[in-house]
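Read the structure below first, then the notes.
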Amino acid sequence: MPQLPRSVHAAIHLVGVALALIGIAMLPSAVAPWVCLVSHGAGAFTHRMEATPGRDTEFLAIVRVSLGIVACLVSAGQHWVVGVTGPEYLALAAVSLGLEMVRPAPETRG
């Protein structure tokens, strides 16, 4: 599976954070933009930890994937069950989860 450069990957997550913040400003009572914010925020924030050579990052990957799954489920529920938000939050959550497949490998000791 191809891997994105760390700077590009982090930039996509930061765009996701910005979109989630816009969603929060437009609809502060909805939960979907909040979980998208947490999912993309964790994806962007953990790049710094993964850039440290030799650091154990397996747990971070589990947290990111779990947050992505929760964000997808919450966003789908708010769209299809409650009808509060549109499908754009499901897409935003899915992007966060999909980015895990092309995430750059953590730095290793040389």
Of the non-hydrogen atoms in [X] and [Y], which two are nearest, and what is the gap between them?
X: A71; Y: C36; value: CB-N, 4.5 Å
X: A30; Y: T85; value: CB-CG2, 3.7 Å
X: L14; Y: A44; value: CD2-CB, 3.9 Å
X: S75; Y: V35; value: OG-CG2, 4.3 Å
X: L99; Y: H9; value: O-NE2, 2.8 Å
X: L97; Y: C72; value: CD2-SG, 4.1 Å

Are [X] and [Y] in one and the same hydrophobic cluster, where Ile, Leu, Val, Met, Phe, Trp and Tyr link if side-chain heavy atoms are under 4.5 Å apart?
X: V84; Y: W80; value: no
X: V82; Y: M26; value: no
X: V17; Y: I22; value: no
X: V70; Y: Y89; value: no
X: V8; Y: V102; value: yes

State the [atom1]-[atom2] distance between [X] and [Y], to the nearest 0.5 angstrom.
X: I62; Y: E100; atom1: CD1; atom2: CD; value: 11.0 Å
X: R6; Y: R48; atom1: CZ; atom2: CZ; value: 12.0 Å
X: L37; Y: I24; atom1: CG; atom2: CD1; value: 4.5 Å
X: I69; Y: S96; atom1: CD1; atom2: OG; value: 10.5 Å
X: H47; Y: H13; atom1: NE2; atom2: NE2; value: 5.0 Å

### Task
Kindly say whether V15 contributes a backbone atom to a donor-acceptor pair with the side chain of H40 at under 3.5 angstrom?
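No.
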### Query
Distance-only, no hydrogens or angles: does the Q78 side chain make a donor-acceptor pair with backbone N or O of V31 under 3.5 Å?
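Judged by distance alone, yes, a pair lies under 3.5 Å.
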### Message
For a 4.5 angstrom cut-off between non-hydrogen side-chain atoms, does V63 reach T46?
### Response
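No. Closest side-chain heavy atoms not under 4.5 Å.
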